[in-house]
Structure formats: C-alpha cells, structure tokens
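I have placed the structure first, in the form of structure tokens, so that the comments after it can refer back to it.
Side-chain atoms are counted along with the backbone in the values below, which use heavy atoms only and exclude waters and symmetry mates. Sequence lines set the chain letters: A, B, ... in the order given, protein chains first and strands last, and positions in each chain run from 1.
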Protein chains: 2
Amino acid sequence: MAELDTFDYRLLELLQENSRMTGNELAQRVGLSSAACLRRVQRLRETGVIERDVAIVSPKVFGKKMMVIVLLTMERDRPDRYMLMRDEFAKMPEVVQCHHVTGAHDFVLRIQVSDMDEYSAFVDRVFHEPYIKRYESLAVLGSLK
Amino acid sequence: MAELDTFDYRLLELLQENSRMTGNELAQRVGLSSAACLRRVQRLRETGVIERDVAIVSPKVFGKKMMVIVLLTMERDRPDRYMLMRDEFAKMPEVVQCHHVTGAHDFVLRIQVSDMDEYSAFVDRVFHEPYIKRYESLAVLGSLK
DNA sequence: CAAATCCATGCGAGATTTTCGCAAAAATTC
DNA sequence: GAATTTTTGCGAAAATCTCGCATGGATTTG
C-alpha cells in the first residue's frame with residue numbers, strides 16, 4: 001500500500017468505531033463524495049489495511065461468561081515447541097487470544113468458557129503436557145474495552 | 001430478547017468471523033432464505049445481542065507496532081482505588097484492554113504503543129503511583145487471533 | 001514552461017444488497 | 001385441534017455499492 005492520507009485515517013477511525021456506516025454517512029463526515037469514500041474503503045480492504053470486519057456479540061449471549069487469563073511457562077529446552085503450540089492454540093475455540101511474550105512467562109492466553117467445569121476440563125486437556133512447566137490462571141472479574 | 005435458537009447462534013458465529021457476509025451467503029450457510037437471515041440479524045442488532053460492528057485495522061498501519069502485556073499489582077489497602085483505576089485506564093488510548101483479575105495480580109492490561117520510548121513514557125506517567133505496588137511488563141513477540 | 005501523464009474526484013447508470021409488505025406455513029397456546 | 005402468534009419465503013421497492021467516464025489538479029517529462 002502506498003501512503004495513507006488524512007482522509008484514509010479519518011475513514012479508518014470511523015470504521016473502527018462502526019463498520020456499518022454507509023457511503024453517505026462517511027461522505028458527510030470526511031468531506032468527500034460517497035463514491036470516493038467507498039472507493040477508498042474498498043482499497044483499504046484490498047490492501048489489507050482493513051484486515052476484516054467483525055460483529056461484536058454481547059459476551060453474555062454465548063453463555064461463555066467466564067474469562068480466564070493464563071500465564072504459561074514452557075520448558076526451556078523445547079523452543080521448537082513454541083510454534084506448534086501457537087498453532088494448536090489457534091484451533092481451540094476456548095482460546096480467544098494468544099500472545100507469545102518475553103519475560104518470566106512464554107505465553108499469555110485469554111480463555112473464554114461457560115463455567116469452572118469447562119475450564120477445569122480445558123486445563124486437564126491442554127496444560128498437562130510435559131513441555132509445559134507451569135501455568136498460572138487469573139480469573140477475570142471484569143473487563144473494559 | 002427472547003430466546004436464541006440454533007439459527008441465531010449460527011448467524012452470530014458467522015458474523016463474528018466476517019460481518020460483511022451478505023444475505024445470500026448467510027442463507028446458503030444456515031439454510032434459510034436471505035430475507036429470513038437478514039431479518040434475524042436485524043433483530044439481533046436491535047436487541048443488542050450484536051453490540052456493534054467494527055473494522056479491524058492492521059496495527060502496523062497506525063504505527064502502533066509494539067504491544068505489551070502488563071500484570072499490575074495494587075497495594076492491598078486501597079481496594080477503593082480499583083474502580084477509579086479502571087475508569088482511568090478506559091480513557092487512555094494506549095490501553096486497548098483491561099481486565100480485573102483474581103490471584104497474585106490485580107489487573108492485566110494490554111498496551112499498544114509505537115515504540116519503546118512511548119512505552120517508557122507511559123510507564124512513568126501511569127505506573128509510578130503510590131497505590132501501585134508492582135508491575136510486570138511482558139513484551140509481545142507475536143499474537144494469534 | 002508547456003505538454004504529457006497520472007490519480008483521485010464527482011456524477012450517474014447499473015448491479016447488488018437490504019428492507020418490507022404480504023400470504024402461507026410452522027409453532028405455540030389454550 | 002382450533003385459534004393465535006411467530007416465522008417463513010417470495011417479490012417488489014428502497015437503499016447501498018460498484019464502476020465507467022469525463023474533468024481537474026498535481027507531478028513528471030521533454
């Protein structure tokens with residue numbers, strides 16, 4: 001992608017807030033015609049500046065009311081396992097986020113489950129592996145953003 | 001909102017992945033007519049099951065290339081500070097996520113900044129408060145989802 | 001410095017998508 | 001099992017998006 005100008009940034013800002021805004025609404029706010037706005041947005045999508053569009057569903061609805069943050073520490077002698085782990089985490093529906101980090105821990109995971117039972121089962125299934133040295137579970141009491 | 005049936009859940013699942021899916025595409029996947037799908041989606045939005053729709057912008061574009069996860073521990077004698085802290089975090093653009101958690105730490109923050117300098121400034125400004133006992137920064141090397 | 005080239009623009013037609021009224025089918029209530 | 005309510009599919013109308021085209025401004029080129 002070439003360079004983004006002020007219009008593009010403004011559009012991104014707006015769409016990050018509400019991606020269902022129509023061409024006319026955008027036009028009104030950025031001071032371009034509807035067509036121009038939509039053409040720009042189209043380009044932003046094609047070039048990957050806008051990666052995707054998602055609906056944000058109220059967490060209550062899915063009944064996945066329990067969120068846990070896990071700090072994972074792997075055995076130091078198996079750095080090759082990192083990528084494999086990551087890929088496996090990617091496939092698990094309970095894992096909504098996975099960060100590979102520096103420092104005392106190796107991974108920070110955000111886990112979404114319905115209840116303690118489901119979490120407990122998840123832990124048994126996933127964390128009791130030889131290359132996992134330690135895990136620390138932080139139950140989330142409340143969140144912002 | 002009344003009850004959600006299997007169709008609704010399927011629609012939510014799809015829209016969570018890609019909210020730009022058209023009525024026909026949805027129809028094809030859930031086995032209802034386009035109109036029925038769109039009517040349901042409309043209702044899901046109206047009733048707040050779908051809270052909003054957002055565009056996900058590549059973090060690189062905004063120049064916020066650095067992500068840090070911070071484990072925050074507050075002084076135990078000031079639990080009243082928790083809510084105030086939370087509200088303050090909510091206002092900071094660097095804080096993209098904030099979870100209040102149980103366990104050894106009190107908050108887990110996800111911070112997005114352009115570089116080390118900006119992070120350093122952020123730390124000085126925010127974490128050097130008397131009621132903050134300890135903070136641990138985990139730089140994110142890579143992420144999934 | 002003018003000519004040529006390049007890009008993004010606005011306009012508007014055409015295509016796609018969404019919304020809505022309606023009658024029929026399905027599900028629910030009594 | 002009849003009556004009522006809800007949801008469906010269809011299709012028309014409305015809204016939205018896409019695209020070709022000519023124009024105008026900026027940059028490049030000769």
Self-check item: B/Arg43 CZ - C/dT19 P separation (whole Å)
Solution: 15 Å
Quiz item: Taking CG from B/Asp53 and P from D/dT16, how many angstroms apart are they, rounded to a whole number?
Solution: 15 Å
Quiz item: Can you list every pair that meets ring pair (Phe, Tyr, Trp, His ring centres under 6.0 Å) and has a residue in residues 23-57 of chain A, with sequence neighbours left out?
Solution: none
Quiz item: Does B/Tyr9 have any side chain to side chain donor-acceptor pair (under 3.5 Å) partners at least two apart in sequence or in another chain, and if so, which?
Solution: none
Practice problem: Take the protein atom CG of A/Asp8 and the nucleotide atom P of C/dA8, then report the distance between them rounded to whole Å. | Solution: 9 Å
Enumerate all atom pairs, one protein N or O and one N or O from nucleotides 20-22 of chain C, separated by less than 3.5 Å.
{"from": "C/dG21", "atom 1": "O6", "to": "B/Arg39", "atom 2": "NH1", "distance (Å)": "3.3"}

Quiz prompt | Pair B/Glu17 + A/Arg52: basic N to acidic O under 4.0 Å | solution = yes
Quiz item: Between C/dC7 atom C1' and A/Glu3 atom CD, what is the distance in whole Å?
Solution: 16 Å
Practice problem: Count the heavy atoms of every other residue, nucleotide or ligand shown that sit under 6.0 Å from CD of A/Glu25, and state whether that count exceeds 12. | Solution: yes
Quiz item: Tell me, which of residues 9-34 of chain A have any heavy atom that sits under 4.0 Å from an atom in DNA chain C?
Solution: A/Leu32, A/Ser33
Quiz item: Is the shortest distance from a Lys or Arg side-chain nitrogen in B/Asp8 or B/Arg43 to a carboxylate oxygen in the other one below 4.0 Å?
Solution: no
Quiz item: Going by heavy atoms in the side chains, are B/Met74 and B/Arg134 under 4.5 Å from each other?
Solution: no
Quiz item: Would you say the side-chain atoms of A/Ser137 and A/Tyr119 include a donor-acceptor pair closer than 3.5 Å?
Solution: yes
Quiz item: Taking the side chain of A/Leu38 as its heavy atoms from C-beta onward, which of D/dC17, C/dT18, D/dT8 lies nearest to it?
Solution: D/dC17
Quiz prompt | Flag if over 12 foreign heavy atoms under 6.0 Å of CE, B/Met92 | solution = yes
Exercise. Report the end-to-end axis angle of the helix from C/dC1-D/dG30 to C/dC30-D/dG1; each axis comes from five terminal pairs, and the value is rounded to 10°.
Key: 40°
Self-check item: N-O pairing of A/Glu13 and A/Arg10 below 4.0 Å
Solution: yes
Exercise. Under the side chain to side chain donor-acceptor pair (under 3.5 Å) rule, collect the residues that match up with A/Glu94, sequence neighbours excluded.
Key: A/Arg125
Exercise. Look at the aromatic rings of B/Phe127 and B/Tyr135 and report parallel, tilted or perpendicular, splitting at 30° and 60°.
Key: tilted
